[in-house]
Amino acid sequence: MDFNELIKELNIALSQTPNSFEKWISWLIEQLMVLSNHIALFLILILTLFILQRLVFLLSAKMMGGKAIYTSAWIGTPIHECSHALFCFVFGHKIQRIVLFNPDKRGTLGYVTHSYNNRNLWQVMGNFFIGIAPLFGGLLGLYLVTWFLIDDALNLFHLLQFSAFNNLATVQLSQLTTLNSQIIHFIENAYLVSPIKVIIWAYLCAAISLHLSPSKEDLKGAWVGFIIFIVLCLSLMMLNQILQLTWFSSLKTIINMTSMLYFIGIILASFLLLCLFFCKGISLTITGKW
């Protein structure tokens, strides 16, 4: 392709961009919907896991006291805080102090304090990713624990990959039920082969899953970074449209595939919640007190 042809194709691509305020608004709304569709599965799974996490913590605290959280926090909290620290490094923030696990009377389990240049857009945007970093650190933790402790981990990853729901509008309850049954069946078979490994795996995955949600403190100051991130995404989507690339669609597939690992945490957290309800039911039957 010579230079003239390249300029011609570029002009054709540019002619397809909005040329009025109304068209820009329409394009913006359309792209925001596309962007939300890309991360919809990720958000739904995280929200489900967050609700289960809160229910497990609430019920276990009522049954066994506030220190019951320590049974999972001593593993989940260091991974949570290391995730913050790693993203601080990626976005150029200066780490002032890291406390991986040190419970105090205020309920704080660990923390990372950091500083940044508020005139640096990259570092300001980093506040958003640093805030939600445990979602990705927890995901990596689930992957590594599964890879090292489950003998047939590759088949489980393939199962999750092929079950990724690219279009949530067409998802049916039967599909979710089938996927749930397949994962439980896989865990049962793995347990028959190596019960000790599976018990350790289930405990570690549950501990990680129960501590990967960002706290209110994590998200303080993250909203400006989130807005910068959205603007950056929209700019890249515009470039993607002008150059007629397909990488954004591929990105959606990758996000959905990796997000499906959260399904493991959801199943284990649900099982833990059911066990707590069962124990609470027995206690209610014996004592008559909830």
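Every heavy atom of this structure was used, including side-chain atoms; hydrogens, water molecules and symmetry mates were not.
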Self-check item: Counterpart residues, side chain to side chain contact (heavy atoms under 4.5 Å, CB included), relative to Ile183 (two or more places apart)
Solution: Leu159, Leu160, Leu179, Ile187, Phe263, Ile267

Exercise. Kindly indicate, with the supporting measurements, whether the criterion side chain to side chain contact (heavy atoms under 4.5 Å, CB included) is fulfilled by Ile266 and Leu52.
Key: CA-CA 7 Å; Ile266 289 172; Leu52 289 170; 3.8 Å; yes

Quiz item: Can you tell me if His84 uses its side chain to pair, donor with acceptor, with the backbone of Ile130 under 3.5 Å?
Solution: yes

Self-check item: Any Ile228 side-chain heavy atom under 4.5 Å of Leu232 side chain
Solution: no

Exercise. Take Thr113 and Lys94 through the side chain to side chain contact (heavy atoms under 4.5 Å, CB included) test and state the conclusion after the steps.
Key: CA-CA 9 Å; Thr113 57; Lys94 182 179 180 181; over 6 Å; no

Quiz prompt | Greater than 12 external heavy atoms within 6.0 Å of Phe271's CZ | solution = no

Exercise. Look at the side chain of Thr71 and the backbone N and O of Ala68, then say whether any donor-acceptor pair between them is shorter than 3.5 Å.
Key: yes

Quiz prompt | Inter-residue atom distance Met125.CE - Ile227.CD1, 0.5 Å rounding | solution = 13.0 Å

Practice problem: Examine the side chains of His80 and Asp218 and answer whether a donor and an acceptor come within less than 3.5 Å of each other. | Solution: yes

Self-check item: Residues Leu149, Ile200; criterion side chain to side chain contact (heavy atoms under 4.5 Å, CB included); working and verdict
Solution: CA-CA 8 Å; Leu149 288 178; Ile200 295 173; 3.9 Å; yes

Practice problem: Please tell me if the side chains of Asn189 and Val193 come closer than 4.5 Å, counting only heavy atoms from C-beta onward. | Solution: no

Self-check item: Shortest non-hydrogen contact from Leu49 toward Ala269
Solution: CD1-CB, 4.2 Å

Quiz prompt | Residues in ring-ring contact (aromatic ring centres under 6.0 Å, His included) contact with Phe229, at least two apart in sequence or another chain | solution = Phe128, Phe129

Quiz item: Can you list every ring-ring contact (aromatic ring centres under 6.0 Å, His included) pair that touches residues 188-216, not counting sequence neighbours?
Solution: Phe57-His211

